[in-house]
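One structure below.
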Amino acid sequence: MAMSSPSSSPPDKRRNWLRGHRKQIIGDYLAEARAALAAAAAAAPLDGEGGDHSAATAALGLVEAVLEMSPRMEAALELRARSLLALRRYRDVADMLRDYIPSCTKLCSADDTSSSSSSSSSSSCSSASRTDLLSPARDRSDAASAASRFLCCFDISDLKHRVLAGFSKNTSADTQWRYLVLGQACFHLGLMEDAAALLQTGRRLASAAFRRESVCWSEDSFSPSNLTAISAPASRRASKSGAASGTAGSEAESVSQLLAHVKLLLRRRAAAVAALDADLPAEAVRHFSKVLDARRGVLPHPFATACLVGRAKALRSSGRAADAIADCNRALALDPAFIPALRSRADLLESVGALSDCLRDLEHLKLLYDAALRDGKLPGPTWRPQGGVRFNEIAGAHRALTPRIQKLRGLVAGGEACSVDYYALLGVRRGCTRSELERAHLLLTLKLRPDRCASFAERLELVDEHRDLEAVRDQARMSALSLYRMLQKGYSFIMSIVQDEEAAERQRAKDAAAAAAAAEAAAAAAALAREQEETAAVPEKAKISSVSVPSTNVQVQVTQAAAMPTAAMAAAAAMGSPVFQGVFCRDMAVVGTLLSRGGFDRPIPVKCEAMSC
């Protein structure tokens with residue numbers, strides 16, 4: 001006798017109704033999410049802030065509801081990633097698709113295989129990483145994967161998903177959105193190499209999918225919209241994946257422009273690094289300035305932070321310590337936990353003698369090292385670069401940093417904290433002139449004013465939700481004000497030395513002029529004495545010659561007598577008497593001599609006769 005089955009309860013009916021209508025509910029939610037994302041994308045060019053955040057937030061809520069019902073649905077995952085991208089939550093996108101970031105998995109594989117010494121295993125791992133560069137499991141070796149197959153449990157739904165994906169013909173076409181969305185997120189996070197690799201891979205997969213689907217097309221099907229639709233080769237696949245056919249072309253164009261911009265930034269940074277390695281600091285500064293001062297395109301602040309540290313190194317090599325410290329201040333205003341910036345600024349401050357400021361930076365760096373050793377990772381997310389700093393280097397750097405801090409503490413306690421080398425800070429030579437000092441001070445003052453140093457952040461894209469533009473400006477203004485005060489103190493110190501040197505130089509010039517005047521006066525007095533002696537000796541010689549030789553011609557006597565007035569005239573000139581007075585006296589003496597020698601002083605006989613009337 002057969003037993004009748006019991007009647008189903010109301011919760012069972014509701015569960016059966018939900019199970020039967022789940023596909024319909026998911027489809028409605030996805031359609032509404034696509035419409036909201038399309039509205040957000042349409043509003044993006046109008047406000048310039050990434051689109052309508054309310055529409056993107058609504059789309060994200062709908063997608064989260066879908067993922068609660070179907071956690072592994074590819075269309076829902078794509079819409080969630082695109083919603084996060086529209087909301088500018090790039091860190092959430094990177095955390096969601098972390099397994100597809102090339103540098104993240106390379107770093108993990110390098111840390112795992114750092115203890116291995118076999119060259120064959122390292123070569124096999126490197127070849128495997130080159131083969132599966134963008135695969136989620138590319139960092140696991142064959143042995144590790146074999147062990148995981150036998151020691152770990154597996155999920156039946158995951159296995160079913162992988163099998164169905166393997167049988168599917170458009171696997172790469174359905175998952176290419178990961179590379180495009182993650183590539184854009186990596187660009188905004190400053191991971192330029194990863195962004196270039198992901199965007200190129202996404203374009204390659206889109207082109208391959210387009211070629212596969214265009215084989216069965218007729219000639220009339222090749223329209224401009226289909227040819228430019230990189231992310232959606234066919235309109236029917238676009239409706240499945242969540243991207244509208246009208247927006248596929250615009251997305252393809254934006255991806256192409258973004259890839260070109262990324263390649264330009266990478267080329268300029270590579271040129272700057274090559275110039276710095278070739279000991280050409282001026283050329284390196286020029287290339288880094290092209291990256292940082294560019295007005296075209298978007299520059300994410302993590303990439304700008306690394307470029308600022310590189311330009312600081314180039315400026316230090318060229319002897320511009322103040323500009324290098326200013327770049328380190330800007331980098332730390334953008335990212336206070338950036339280890340290379342702290343290292344560079346501490347070295348710069350120690351080189352110019354600012355030991356107290358250097359000690360403060362080194363203590364901050366020690367705190368970061370302690371936090372990294374405590375947490376087992378570097379500050380920030382695992383996929384964020386730290387300027388080439390690896391976690392396995394932190395322990396050695398911490399051991400080397402401790403005695404350095406103790407040494408600086410001893411120097412500061414000994415009173416050497418105020419011995420700043422202001423010549424190196426201002427970039428002038430010792431013994432510089434006033435004009436050189438004023439020129440260097442004017443240039444540094446115009447460039448490093450606190451109100452101007454805070455405006456650099458307006459050209460950058462701040463993607464960190466914990467630091468807004470106002471916080472960056474305040475930090476940059478405070479550090480710039482400290483540097484500006486140091487420059488003013490150095491200018492006053494060097495200017496006082498220059499003024500003392502100028503006063504000493506003027507005093508030396510006065511002493512030299514007085515000595516020269518005294519020497520000239522002594523020489524003039526000696527010459528006058530000699531001339532007076534010669535003048536007294538010349539008339540006696542003239543009298544002796546006239547008495548001994550009476551028959552000598554009058555012309556010879558005149559010549560001898562003329563020699564005396566010449567010496568007298570020279571002596572009078574030395575005493576400052578007029579020239580014509582000496583000449584007149586000389587002529588009167590000659591005339592008198594001639595009259596005395598010619599006998600004209602004798603009385604002239606005059607015959608007087610009377611006249612008769």
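Computation of the quantities below employed the complete heavy-atom set of this structure, encompassing side-chain atoms and omitting hydrogens, waters and symmetry-equivalent molecules.
Between C432 and I494 there is a side-chain heavy-atom pair separated by less than 4.5 Å. Inter-residue side-chain proximity for I394 and L368 is flagged as unmet; no heavy-atom pair is nearer than 4.5 Å. Y423 places a side-chain heavy atom less than 4.5 Å from the side chain of I497. Here the side chains of M73 and R80 are not in contact, with every heavy-atom distance at 4.5 Å or above. With a 4.5 Å cut-off on side-chain heavy atoms, Q200 and Y179 do not count as touching. Within the 4.5 Å cutoff, the side chain of L401 has heavy atoms near those of the I405 side chain. Within the 4.5 Å cutoff, side-chain heavy atoms of D357 are placed close to those of M486. Looking at S479 and L332, their side chains never come closer than 4.5 Å, going by heavy atoms from C-beta outward.
Without hydrogens or angle criteria, S344 side chain to A341 main chain gives no donor-acceptor distance under 3.5 Å. Side chain of R429 to backbone of G431: a donor-acceptor contact under 3.5 angstrom is found. No donor-acceptor pair closer than 3.5 Å links the side chain of H364 to the backbone N or O of L342.
Shown here are the salt bridge (Lys or Arg N to Asp or Glu O under 4.0 Å) partners of K489, two or more places apart in sequence or in another chain: there are none. Residues passing the salt bridge (Lys or Arg N to Asp or Glu O under 4.0 Å) test with R286 are E283, sequence neighbours excluded. For T402, the side-chain hydrogen bond (donor to acceptor under 3.5 Å, both in side chains) criterion is met by no residue, not counting sequence neighbours. Under the rule for a side-chain hydrogen bond (donor to acceptor under 3.5 Å, both in side chains), the partners of T445 that lie at least two apart in sequence or sit in another chain are H441. Under the side-chain hydrogen bond (donor to acceptor under 3.5 Å, both in side chains) criterion, R267 pairs with no residue at all, not counting sequence neighbours. Under the rule for a side-chain hydrogen bond (donor to acceptor under 3.5 Å, both in side chains), Y491 has no partner lying at least two apart in sequence or in another chain.
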Task: Chi angles and distances behind the side-chain contact (heavy atoms from CB on, under 4.5 Å) call for C328, L308 - done: CA-CA 7 Å; C328 291; L308 284 169; over 6 Å; no

Task: Pair D323-L448, side-chain contact (heavy atoms from CB on, under 4.5 Å): steps then yes or no - done: CA-CA 8 Å; D323 293 330; L448 304 180; 4.1 Å; yes

TODO: Verify salt bridge (Lys or Arg N to Asp or Glu O under 4.0 Å) between R404 and D347, making sure each step is shown before the conclusion.
DONE: CA-CA 11 Å; R404 184 181 177 186; D347 295 339; 2.9 Å; yes

- [ ] Would you sort out whether Y369 and I339 count as a side-chain contact (heavy atoms from CB on, under 4.5 Å), showing the intermediate values?
- [x] CA-CA 9 Å; Y369 287 165; I339 294 177; 4.0 Å; yes

Open item on the list: Between L362 and K366, does the side-chain contact (heavy atoms from CB on, under 4.5 Å) criterion hold? Intermediate values first, please.
Closed with: CA-CA 6 Å; L362 291 181; K366 187 176 182 296; over 6 Å; no

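D370 and H398 share a side-chain donor-acceptor pair at under 3.5 Å. Between the side chains of E461 and H188, at least one donor N or O lies within less than 3.5 Å of an accepting N or O.
The existence of a salt bridge linking R473 and E470 is confirmed by a sub-4.0 Å separation between a basic side-chain nitrogen and an acidic carboxylate oxygen. By the 4.0 Å N-to-carboxylate-O rule, E78 lies too far from R178 to be salt-bridged with it. Look at D327 and K313 and you find no salt bridge, because none of the NZ, NE, NH1 or NH2 atoms lies under 4.0 Å from a carboxylate O. We find that E363 and R409 are joined by a salt bridge, their nearest charged nitrogen and carboxylate oxygen being less than 4.0 Å apart. Taking 4.0 Å as the cut-off between side-chain N and carboxylate O, R449 and D451 count as a salt-bridged pair.
The CG atom of L373 sits 9.5 Å away from the CG atom of L378 when rounded to the nearest 0.5 Å. Here the CZ-OH distance, from R452 to Y484, works out to 12.0 Å after rounding to the nearest 0.5 Å. For the atom pair L199 CG and K263 NZ, the distance stands at 9.5 Å (nearest 0.5 Å). Between L355 atom CG and L349 atom CG the span is 9.5 Å, to the nearest 0.5 Å. Within the model, atoms CG of L411 and CG of L359 stand 10.0 Å from one another, a figure rounded to the nearest 0.5 Å. The structure places CG of D194 at 13.5 Å from CZ of F187, a figure rounded to the nearest 0.5 Å.
Closest of all the heavy-atom pairs between C358 and A346 is SG-O, 3.2 Å. Between V472 and A333 the shortest heavy-atom distance is CG2-O, 3.7 Å. Nearest heavy atom pair, residue A476 against residue C453, reads CB-O, 4.1 Å. Between A324 and R316, the closest heavy-atom pair is CB-N, 4.0 Å. Of all the heavy atoms in L62 and A33, the pair that sits closest is CD1-N, 3.7 Å. When all heavy atoms are compared, the tightest approach of V262 to A196 is CG1-CB, 3.9 Å.
Remark: K447 NZ is packed, more than 12 non-hydrogen atoms of other residues, nucleotides or ligands lying under 6.0 Å away. In M478, the CE atom is not crowded: 12 or fewer heavy atoms of neighbouring residues, nucleotides or ligands sit closer than 6.0 Å. Counting heavy-atom neighbours within 6.0 Å of R459 CZ, excluding the residue itself, gives a total above 12.
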